[in-house]
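This report concerns only the one structure given below.
All figures in this text were calculated on a predicted structure; none of them were measured in a lab.
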Amino acid sequence: MFTGIITDLGRVKAIAFGPTTRLEIATAYDIATVAMGASVACNGCCLSVVEKGSGWLAFECSRETLDKTNIGDWKVGTPVNLERALKLGDELGGHLVSGHVDGVGRILSITPDGGSLRIVVEAPMAMARSIAPKGSIVLDGISLTVNEVEANKFGINIIPITQTATNLGQAKAGDRVNLEIDLIARYVARLLAPAI
């Protein structure tokens, strides 16, 4: 479990696509405190540490992970939002996040809004009924509040600290972003779906 509060902005150090894709991500984390097999949210996708070195962590991704996330878009130098797993007793500054990406959205526009940035995102149509105004959503691992919803498009505002501490400060229209709906919304949608 995670909170959607980004604790490091890493960068892809190396990536090797294949039957199992290997990622190396440069990080400022104290590597000695990161256990092998530990869960780390990388742009909101929960991945397990398979190797580590001075200033970097390595992960492996299956074809399923590449198909369901924006990791296939990454290249060396891509900024990656990182969050270590939540421990019991930690402050829950965002909201409960599983690290299981529900779909990939696309940024439609980014416009200044006072000191903030207003970002409009198009979500997959299947996710639309689970996104609500003033509800929570995870965008590339970041816990955010939805401002408004119109069909499968929604708006959010990014304050200056989020612009500098996450990859959204470097985002542009057309970028694909990992989306995770609120955990409660996920189960409500399932309960309200027609019986199988």
Side-chain angles (χ1 to χ4, degrees), residues 1-4 6-27 29 31 34-53 55-86 94 96-108 110 119 121-128 130-131 137-144 152-154 156 166-183 185-186 189-190:
M1 296 296 294
F2 304 92
T3 66
I6 304 307
T7 53
D8 186 29
L9 183 57
R11 290 212 175 261
V12 175
K13 178 177 180 287
I15 189 164
F17 292 101
T20 299
T21 294
R22 179 184 165 87
L23 303 165
E24 290 180 11
I25 299 178
T27 179
Y29 288 148
I31 300 302
V34 180
M36 293 298 296
S39 295
V40 178
C42 302
N43 274 10
C45 181
C46 179
L47 299 176
S48 299
V49 175
V50 298
E51 190 179 349
K52 59 184 184 173
W56 59 271
L57 297 170
F59 307 91
E60 292 178 339
C61 301
S62 67
R63 171 53 47 198
E64 172 76 2
T65 301
L66 293 181
D67 289 345
K68 303 294 188 205
T69 70
N70 68 3
I71 292 175
D73 300 343
W74 296 2
K75 54 187 179 293
V76 172
T78 296
V80 180
N81 297 323
L82 301 175
E83 181 186 359
R84 293 180 65 179
L86 179 66
L96 288 175
V97 174
S98 68
H100 303 158
V101 174
D102 291 301
V104 177
R106 184 172 55 92
I107 295 176
L108 297 178
I110 303 175
I119 300 179
V121 178
E122 180 180 49
M125 193 56 81
M127 292 179 63
S130 300
I131 302 171
I137 193 156
V138 180
L139 195 149
D140 267 358
I142 308 161
S143 173
L144 297 165
N152 66 324
K153 300 172 183 67
F154 65 92
I156 53 174
T166 73
N167 65 0
L168 289 182
Q170 302 168 51
K172 58 190 180 314
D175 284 354
R176 293 179 353 120
V177 289
N178 293 327
L179 300 175
E180 180 184 329
I181 59 175
D182 180 71
L183 285 172
R186 180 182 300 164
R190 178 71 176 160

Problem set entry | side-chain contact (heavy atoms from CB on, under 4.5 Å) between F59 and V49, intermediate numbers included | CA-CA 5 Å; F59 307 91; V49 175; 3.7 Å; yes

If I compare all heavy atoms of [X] with all of [Y], which pair ends up nearest, and what's the gap?
X    : Y    : answer
P79  : Q170 : CG-OE1, 3.7 Å
G103 : P124 : CA-CG, 4.3 Å
C46  : S98  : CB-O, 4.3 Å
R22  : E51  : NH2-OE1, 2.6 Å
V76  : A14  : CG2-CA, 4.2 Å
A58  : E24  : CB-CG, 4.1 Å

Measuring from atom [atom1] of [X] to atom [atom2] of [Y], what distance do you get when rounded to the nearest 0.5 angstrom?
X    : Y    : atom1 : atom2 : value
I107 : L168 : CD1   : CG    : 6.0 Å
D73  : L66  : CG    : CG    : 10.0 Å
I181 : I137 : CD1   : CD1   : 8.0 Å
T7   : R84  : OG1   : CZ    : 8.0 Å
K68  : C61  : NZ    : SG    : 14.5 Å
W74  : I15  : CH2   : CD1   : 7.0 Å

Non-hydrogen side-chain atoms of [X] and [Y] separated by less than 4.5 Å:
X    : Y    : value
V40  : L47  : no
D140 : V177 : yes
V138 : F2   : no

For this session: List the steps, then state whether side-chain contact (heavy atoms from CB on, under 4.5 Å) holds for I6 with L82.
Result: CA-CA 6 Å; I6 304 307; L82 301 175; 5.5 Å; no

Seminar exercise, completed: Paired with N178, the side chain to side chain donor-acceptor pair (under 3.5 Å) test is passed by just one of N70, T69, N81, namely N70

Please check: side-chain N/O of [X] versus main-chain N/O of [Y], any donor-acceptor pairing under 3.5 Å?
X    : Y    : value
E122 : R106 : no
Y29  : L57  : no
E180 : V97  : no

For this session: Can you sort out the partners of K52 under salt bridge (charged side-chain N to carboxylate O under 4.0 Å, His left out), two or more places apart, ordered by chain and number?
Result: none

For this session: Go through the steps for L23 and C42 under the test side-chain contact (heavy atoms from CB on, under 4.5 Å), then give the verdict.
Result: CA-CA 10 Å; L23 303 165; C42 302; 6.0 Å; no

Problem set entry | T78, N43, D175, V80 screened by side-chain contact (heavy atoms from CB on, under 4.5 Å) with N167, the one that passes | N43

